[in-house]
Amino acid sequence: MIVVFLGAPGAGKGTQAKKLAQDMNLKHISTGDILREEIKKETHLGKKAKEYMDRGELVPDELIIAMIEQALPEDLGVILDGFPRTVAQAQALDEMLRKHHKSVSCALLFEVEDEVIVERLSGRRVCPNCGAIYHVKYSPPKVDNVCDVCSTSLIQRDDDKEEVIRRRLKVYKEQTAPVIEFYAQKNKLKTIKAVGPIEDIYKTLRNAISNGC
Ligand code: AP5
């Protein structure tokens, strides 16, 4: 099974992908997480990507496509979180999968209004060690600012400042919204209302997957 997670920044893709990957033994590939790892290691890709990410813009397609080609597993089921984000990336993904006689099983769109997103992202805290995701109000750690999983101090992402969040939302509407149409035309799109308790959204997600993904 190859599932694509679509949705604006802060729609909850990472939160839900981590749960689904664990429950269904799928590989979770988050392009944002891979890029942040490259930045931490100060690689050539990381240095290039940081310029774009700090501005809230997309990293160029050719860099992202090469990165995904390396990350895609041969046989395991996979959740693609944050990829594809442009039509060119979606076409490149189809091409990559075709070579292995595979195709995208379904694209799940997480729908959330802009104002909810700004609140979610400005309250997000992440673990720089294990990648666990928290929210100061909606999903707080047991001990203030400390990761429940590995006890590392939590951080706020550099791109979770309000002006960068607004820029990311604009980029999403201009460059990623056409990807929704790309999958709709192939009858592979399912929409999930992503507002409400995280567990309720997860149930809806599991139902969507059971009903033909
Ligand atoms: P990336 O890391 O992919 O960021 P994003 O898509 O902007 O998504 P986020 O990680 O911000 O949000 P999410 O939907 O995963 O939400 P989360 O679960 O964390 O990309 C970062 C940058 O990398 C991009 O801007 C771009 O520069 C570059 N990049 C990445 N992929 C690329 C590509 N393919 N092409 C080009 N460039 C690329 O939840 C958010 C918060 O809300 C958390 O605090 C969480 O606890 C909380 N929350 C979640 N669900 C709920 C709920 N139901 N109720 C209340 N709070 C909730």
Side-chain angles (χ1 to χ4, degrees), residues 4-21 28-39 45-46 48-69 71 79-93 108-127 131-141 147-148 154-161 164-177 179 192-205:
V4 167
F5 275 18
L6 294 172
K13 303 181 295 295
T15 301
Q16 299 293 336
K18 283 182 200 303
K19 290 169 82 68
L20 188 67
H28 173 202
I29 298 181
S30 154
T31 38
D33 285 352
I34 300 174
L35 291 170
R36 280 183 287 278
E37 213 35 57
E38 296 286 327
I39 292 174
L45 169 62
K48 271 201 107 71
K50 189 171 178 352
E51 293 169 30
Y52 295 92
M53 291 167 78
D54 283 351
R55 293 197 298 263
E57 287 167 14
L58 295 186
V59 176
D61 284 339
E62 61 274 16
L63 295 178
I64 296 289
I65 291 164
M67 197 175 89
I68 284 286
E69 259 170 340
I79 304 167
L80 292 171
D81 164 10
F83 176 89
R85 252 175 156 99
T86 62
V87 171
Q89 291 180 15
Q91 288 165 337
L93 174 63
L108 295 160
L109 170 65
F110 292 78
E111 262 192 349
V112 182
E113 302 79 38
D114 286 5
E115 288 322 306
V116 175
I117 279 167
V118 176
E119 197 204 357
R120 279 191 189 175
L121 291 185
S122 38
R124 172 164 60 186
R125 298 293 180 270
V126 291
C127 175
I133 304 168
Y134 301 89
H135 189 281
V136 288
K137 182 167 157 196
Y138 300 115
S139 180
C147 180
D148 292 350
L154 303 179
I155 56 160
Q156 186 164 25
R157 266 171 50 176
D158 286 344
D159 58 353
D160 280 349
K161 299 179 195 112
V164 186
I165 295 171
R166 300 261 177 215
R167 176 78 192 131
R168 286 160 66 199
L169 275 170
K170 191 163 182 283
V171 167
Y172 172 75
K173 283 173 192 158
E174 287 168 1
Q175 297 183 56
T176 307
V179 179
I192 291 178
K193 277 256 160 259
V195 185
I198 291 170
E199 283 307 323
D200 291 359
I201 297 165
Y202 186 63
K203 277 185 204 139
T204 311
L205 167 66

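Everything quoted here is computed from the prediction, not taken from an experiment. Atoms within a ligand are numbered from 1 in the order they appear, just like the ligands themselves.
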Q. Looking at ligand 1, does any of its N/O atoms fall within less than 3.5 Å of an N/O of D33?
A. no
Q) Should you measure from each heavy atom of T31, which atoms of ligand 1 turn up under 4.0 Å away? A) 30 (C), 31 (N), 32 (C), 34 (N)
Q) P140 and Y134: which non-hydrogen atoms are nearest, and at how many Å? A) C-CD2, 4.1 Å
Q. So which heavy atom on G7 is nearest to which on K13, and how close?
A. O-NZ, 3.1 Å
(Q) Taking 4.0 angstrom as the limit and counting only heavy atoms of Q89, give me the atoms of ligand 1 inside it, by number and element. (A) 33 (C), 34 (N), 35 (N), 36 (C)
Q | N or O contact, G196 vs ligand 1, cut-off under 3.5 Å | A | yes
Q. Between K50 and D54, which heavy-atom pair has the shortest distance, and what is it?
A. NZ-OD2, 2.6 Å
**Q.** Geometric N/O contact Y138 with ligand 1, under 3.5 angstrom
**A.** no
Q: Report yes if D81 has an N/O atom closer than 3.5 Å to an N/O atom of ligand 1; otherwise report no.
A: no
Q. Taking both backbone and side-chain atoms of L35, is any N or O found less than 3.5 Å from an N or O belonging to ligand 1?
A. no
Q) For ligand 1, which atoms have a heavy atom of T15 less than 4.0 angstrom away? A) 17 (P), 18 (O), 39 (O), 45 (C), 49 (C)
Q. Closest approach of I34 and A71, non-hydrogen atoms and distance?
A. CD1-CB, 4.2 Å
Q) Are any of the side-chain heavy atoms of L35 and I64 separated by less than 4.5 Å? A) yes
Q. Backbone or side chain, does any N or O of P84 fall under 3.5 Å from an N or O of ligand 1?
A. no
Q.
With respect to R125, determine whether any N or O atom, backbone or side chain, lies less than 3.5 Å from an N or O atom of ligand 1.
A. no
Q: Give a yes/no verdict on whether any heavy atom in G56 is under 4.0 Å from an atom of ligand 1.
A: no
(Q) Measuring only between side-chain heavy atoms, which start at C-beta, is Q16 closer than 4.5 Å to D81? (A) no
Q: Please work out whether any backbone atom (N, CA, C, O) or any side-chain heavy atom from C-beta onward of T86 is under 4.0 Å from ligand 1, and answer side chain, backbone, both or neither.
A: neither
Q) With a 4.5 Å limit on heavy-atom distance, are the side chains of L121 and R168 in contact? A) yes
(Q) Which of the numbered atoms in ligand 1 are under 4.0 angstrom from any heavy atom belonging to Y134? (A) 43 (C), 44 (O), 46 (O)
**Q.** Sub-4.0 Å atoms of ligand 1 with respect to non-hydrogen atoms of G14
**A.** 13 (P), 15 (O), 18 (O)
Q | Closest non-hydrogen atom pair between R55 and R167, with its separation | A | O-CG, 3.1 Å
**Q.** Where V179 and A90 come nearest, the two heavy atoms and their spacing
**A.** CG1-CB, 4.4 Å
Q: Using distance alone, decide if ligand 1 has a nitrogen or oxygen within less than 3.5 Å of any nitrogen or oxygen in G12.
A: yes
Q) Does some side-chain heavy atom of Y202 sit less than 4.5 Å from a side-chain heavy atom of T15? A) no
(Q) Please determine whether the number of non-hydrogen atoms from other residues, nucleotides or ligands lying under 6.0 Å from atom NZ of K19 exceeds 12. (A) yes
Q: Could you pull out, from R36, K50, R85, R124, the option with a heavy atom nearest to atom 24 (C) of ligand 1?
A: R85
Q: Using the test ring-ring contact (aromatic ring centres under 6.0 Å, His included), find all partners of F5 that sit at least two apart in sequence or belong to another chain.
A: F110
**Q.** Heavy-atom nearest option to atom 10 (O) of ligand 1, drawn from K13, R157, E57
**A.** R157
**Q.** Numbering as shown, the atoms of ligand 1 that approach I201 to under 4.0 Å (heavy-atom distance)
**A.** 53 (N)
Q. About how many Å separate CD1 of I65 and CE of M67, when rounded to the nearest 0.5 Å?
A. 10.5 Å
(Q) Counting non-hydrogen protein atoms only, what is the nearest one to atom 23 (O) of ligand 1? Give residue, atom name and distance. (A) M53 CE, 3.4 Å
**Q.** Proximal atoms of ligand 1 relative to G82 (non-hydrogen, under 4.0 Å)
**A.** 31 (N), 32 (C), 33 (C), 34 (N)
Q: Would you mind checking which non-hydrogen protein atom is closest to atom 41 (C) of ligand 1, with the distance to 0.1 Å?
A: R120 O, 3.8 Å
Q) In chain order, what residues pass the ring-ring contact (aromatic ring centres under 6.0 Å, His included) check against H135, with sequence neighbours excluded? A) Y138
Q. Where's the contact between V59 and ligand 1, heavy-atom distance under 4.0 Å: side chain, backbone, both or neither?
A. both
Q | Identity and separation of the nearest protein heavy atom to atom 7 (O) of ligand 1 | A | R168 NH2, 2.7 Å
Q) Could an N or O of ligand 1 be found under 3.5 Å from any N or O of G10, whether backbone or side chain? A) yes
